[in-house]
*Asks:* 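Quick one: the structure is below, and I'll ask about it shortly.
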Amino acid sequence: MTIHWADVAAERLADRGPQTLATGITPSGPVHIGNMREVMTAEAIYRALQDRGAEARLIYIADNFDRLRRLYPFLQESFEEHVGKPLSEIPCPEGCCASYAEHFLQPFLASLEELDIRPQVFRADQLYKEGLFVDAIKTALLRRDDIARILKEVSGREVPSHWSPFDAICKDCGRTNTTRVAGFDLDRETVDYVCSCGYSGTASMRGGGKLVWRVDWPARWPLLHVTMEPFGKDHATSGGSYDTGKRISEEIYGYPAPHPVIYEWIHLKGKGAMHSSTGLVVTIKEMLDVVPPEVLRYLIIRTKPEKHIEFDPGLPLLTLVDEYDQRAGDSRALELSAIGEAEPFQIPFRHMVTAVQIARGDDEQLIKALERSGYETSRMGEILGRARNAEIWLARYAPQNVRFQVQEGLPSAVKNLGPDEKEGLRVLSERISGLEAQSIHDEIYAVAKDLGLDSKRLFQAIYLAFLGQRQGPKAGWFLASLDRDFVVLRLEEAARA
RNA sequence: GGGCCGGUAGCUUAGUCAGGCAGAGCGAAAGGCUCUUAACCUUUAGGUCGGGGGUUCAAAUCCCUCUCGGCCCGCCA
């Protein structure tokens with residue numbers, strides 16, 4: 001019996017007073033399940049803290065005031081002109097949302113809700129515009145040399161002479177990566193800048209710009225009372241932004257750095273780490289199209305944060321769903337993954353994959369097929385949800401050999417069957433009335449034996465007659481879920497062909 | 001060049017903090033049943049714990065070293 005990693009973290013934090021667990025993701029593109037790990041990790045610890053009766057809150061800060069770094073592959077070329085502007089100030093790439101940032105933020109927040117992750121949500125641009133960062137900006141500007149020294153000492157990087165901890169947004173061209181700070185006025189709370197576009201002006205400390213990332217991060221810790229924050233291994237390296245942030249937090253802002261929890265990336269099986277820039281991603285929405293939210297939670301929660309997750313959306317994903325449904329994994333991980341008090345789902349996902357291919361999108365047929373196979377169908381909503389999951393999984397991720405189609409007419413290849421195989425089908429057609437799945441399966445073997453036929457050939461003949469291919473789902477259960485008159489008719493037809 | 005994380009059965013991994021018989025799931029094999037046919041049950045096989053060295057009565061676990069994979073030490077989450 002091992003203590004779950006979330007409980008280990010919670011145990012460490014619990015006696016240090018009220019906890020604020022912070023997460024932050026930049027909505028610069030579709031949020032993928034690798035990004036998701038940050039929020040999921042914090043939420044698991046949050047739940048573990050609550051389970052021990054500790055006082056805790058979970059916050060999410062959308063870093064929507066970060067600038068667009070480059071033209072991502074999913075953007076139209078016209079967006080080149082927005083590179084360098086804060087995400088919150090760029091128009092929606094599809095014209096449907098208030099801004100670029102909101103376009104990616106909205107579906108992400110909707111996914112969080114679906115996953116039963118309910119943080120207090122902040123938007124960085126709002127925090128800046130409201131003036132929350134004003135004092136932190138003043139401090140950073142005044143102690144610019146101390147910050148530069150810390151950056152040098154910790155990361156080895158010497159900042160350029162014109163460096164400033166504040167990035168002003170040019171009022172003319174809208175960019176933050178083209179401006180240089182020329183001076184500041186603490187009383188008026190403004191920063192003077194010169195932009196390479198030719199404009200020079202004055203930016204407000206209330207939304208006219210932002211602190212550079214390495215200062216912005218530690219600056220927000222005291223402002224939001226952050227005591228724990230998970231972050232990717234990229235920040236964790238020595239000399240990385242946590243190291244510099246820790247010193248800046250302690251020496252400049254007089255606040256102890258939050259307890260770090262470092263998480264690894266999620267890899268796509270055989271393809272490497274998920275990365276928006278490479279387009280190698282499975283978005284949260286894409287995943288929720290295919291599995292229930294609990295299973296996505298379970299995927300992340302069952303693995304320790306510092307271990308990378310090898311994610312395979314093909315057959316192994318079915319195993320993961322079934323492992324969750326049967327409550328076969330680590331019990332604490334299952335508990336932390338649960339949403340509400342749902343009973344285990346009884347129909348194996350693998351069987352759903354067979355059933356939806358028989359039903360071909362007809363929900364009534366699907367329910368009939370499930371009932372013929374002996375499944376209880378009262379939890380209709382869930383069953384139909386799973387059916388949609390199975391259909392999308394088949395279309396997107398299923399290997400070829402699990403796909404099949406019940407042929408409307410008799411496949412012509414049946415003509416090539418030998419007389420003994422046809423005889424087998426005929427005899428089978430006479431013996432299966434009233435039998436249920438297991439008995440049909442047994443009967444196939446019995447018929448083959450009676451006729452002195454290799455059972456393998458009889459199975460192949462059956463698959464050929466119904467699917468036009470030589471293999472398929474487990475035959476007894478497959479035939480049982482089809483309409484019985486149709487089965488008998490098809491077997492007779494095939495025998496005469 | 002320096003640092004961080006990871007490497008345990010074919011696959012996914014627990015166990016490493018705090019040394020004490022290397023475990024599980026999936027897959028595979030055999031059987032249940034004269035039956036390989038995607039959901040059953042039982043059993044079995046499968047391991048130089050990435051390599052080497054050291055400490056110890058005892059090392060997957062601690063120390064040193066090498067190696068492989070990923071990431072960072074410019075910008076950036």
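Here is how names work: the chains are called A, B, and so on, in the same order as the sequence lines, proteins then strands, and each is numbered from 1. Every heavy atom of this structure was used, including side-chain atoms; hydrogens, water molecules and symmetry mates were not.
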*Asks:* Which is more 5' along RNA chain B, the nucleotide nearest A:His308 or the one nearest A:Phe459? Just name the residue.
*Replies:*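 Looking at RNA chain B, the more 5' nearest nucleotide goes with A:His308.
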
*Asks:* Rounding to a whole Å, what distance do you find between A:Glu306:CD and B:rG70:C1'?
*Replies:*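 It is 15 Å, rounded to the nearest whole Å.
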
*Asks:* If the sugar-phosphate is the primed atoms plus P, OP1 and OP2 and the base is the rest, what is the B/S/- string for nucleotides 71-77 of chain B, using protein heavy atoms under 4.0 Å?
*Replies:* SBSSSSB

*Asks:* When you check the gap from the basic side-chain N to the acidic O, do A:Asp483 and A:Lys368 get nearer than 4.0 Å?
*Replies:*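 Here A:Asp483 does not pair with A:Lys368 in a salt bridge, since their nearest N and O are not under 4.0 Å apart.
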
*Asks:* Which nucleotide in the set B:rU36, B:rC26, B:rU13 lies at the smallest distance from any side-chain heavy atom of A:Thr319?
*Replies:*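 Among the listed nucleotides, the one closest to the side chain of A:Thr319 is B:rC26.
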
*Asks:* Reading RNA chain B from 5' onward, which residue's closest nucleotide shows up sooner: A:Lys449 or A:Gln460?
*Replies:*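 First, find each residue's nearest nucleotide; the 5'-ward one identifies A:Lys449.
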
*Asks:* Within 45° of the axis and under 6.0 Å from the centre of the six-membered ring of A:Phe459, does NZ or CZ of A:Arg457 qualify?
*Replies:*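 That pair does not qualify as a cation-pi contact.
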
*Asks:* Starting at atom CG of A:Asp442, determine the distance to atom P of B:rU36, rounded to an integer number of angstrom.
*Replies:*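 My rounded result for the distance is 13 Å.
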
*Asks:* What integer distance in Å separates A:Leu320:CG from B:rU13:C1'?
*Replies:*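 A:Leu320 atom CG is separated from B:rU13 atom C1' by 13 Å.
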
*Asks:* Please work out which of the three classes, parallel, tilted or perpendicular, describes the rings of A:Tyr128 and A:Phe133, given edges at 30° and 60°.
*Replies:*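 A:Phe133 and A:Tyr128: parallel rings.
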
*Asks:* Should the pair A:Phe478 and A:Phe466 be assigned to parallel (<30°), tilted (30 to 60°) or perpendicular (>60°) ring geometry?
*Replies:*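 Rings of A:Phe478 and A:Phe466: perpendicular, over 60°.
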
*Asks:* Could you walk me through whether A:Glu443 and A:His441 pass the side-chain hydrogen bond (donor to acceptor under 3.5 Å, both in side chains) check?
*Replies:* CA-CA 5 Å; A:Glu443 202 56 35; A:His441 202 70; over 6 Å; no

*Asks:* Looking only at side-chain N and O atoms, does A:Lys304 come under 4.0 Å of OP1 or OP2 in B:rU13?
*Replies:*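 For A:Lys304, the contact criterion (side-chain N or O under 4.0 Å from OP1 or OP2 of B:rU13) is not met.
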
*Asks:* So what does A:Tyr375 touch, heavy atoms closer than 4.0 Å: a base, only the sugar-phosphate, or nothing?
*Replies:*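 Base: the residue A:Tyr375, judged by heavy atoms under 4.0 Å, touches a nucleobase.
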
*Asks:* A:Phe478 near the nucleic acid: base, sugar-phosphate alone, or nothing, with a heavy-atom cut-off under 4.0 Å?
*Replies:*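 It contacts nothing in the nucleic acid.
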
*Asks:* Measure CG/A:Leu268 against P/B:rU12 and give the value in whole Å, please.
*Replies:*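 Between P of B:rU12 and CG of A:Leu268: 14 Å.
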
*Asks:* Ring centres under 6.0 Å, that's the criterion: do A:Phe104 and A:Tyr100 meet it?
*Replies:*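 Yes - the distance between ring centres of A:Phe104 and A:Tyr100 falls below the 6.0 Å cut-off.
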
*Asks:* Can you name the salt bridge (charged side-chain N to carboxylate O under 4.0 Å, His left out) partners of A:Lys422, sequence neighbours left out?
*Replies:*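 By the salt bridge (charged side-chain N to carboxylate O under 4.0 Å, His left out) rule, A:Lys422 matches no residue at all.
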
*Asks:* Donor-acceptor pair, distance only, cut-off 3.5 Å: does the side chain of A:Arg144 make one with the backbone of A:Trp163?
*Replies:*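 Such a contact is found between A:Arg144 side chain and A:Trp163 backbone.
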
*Asks:* Taking all non-hydrogen atoms of both residues into account, name the closest pair between A:Ala413 and A:Leu464 and its distance.
*Replies:*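 Scanning both residues completely, I find the closest heavy atoms to be O-CD2, 4.0 Å.
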
*Asks:* For a stem of at least 3 consecutive Watson-Crick or G-U pairs with distances under 3.5 Å, i pairing with j, i+1 with j-1 and so on, which stems involve RNA chain B?
*Replies:*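 So the stems come out as B:1-7 with B:67-73, B:10-13 with B:23-26, B:28-32 with B:40-44, B:50-54 with B:62-66.
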
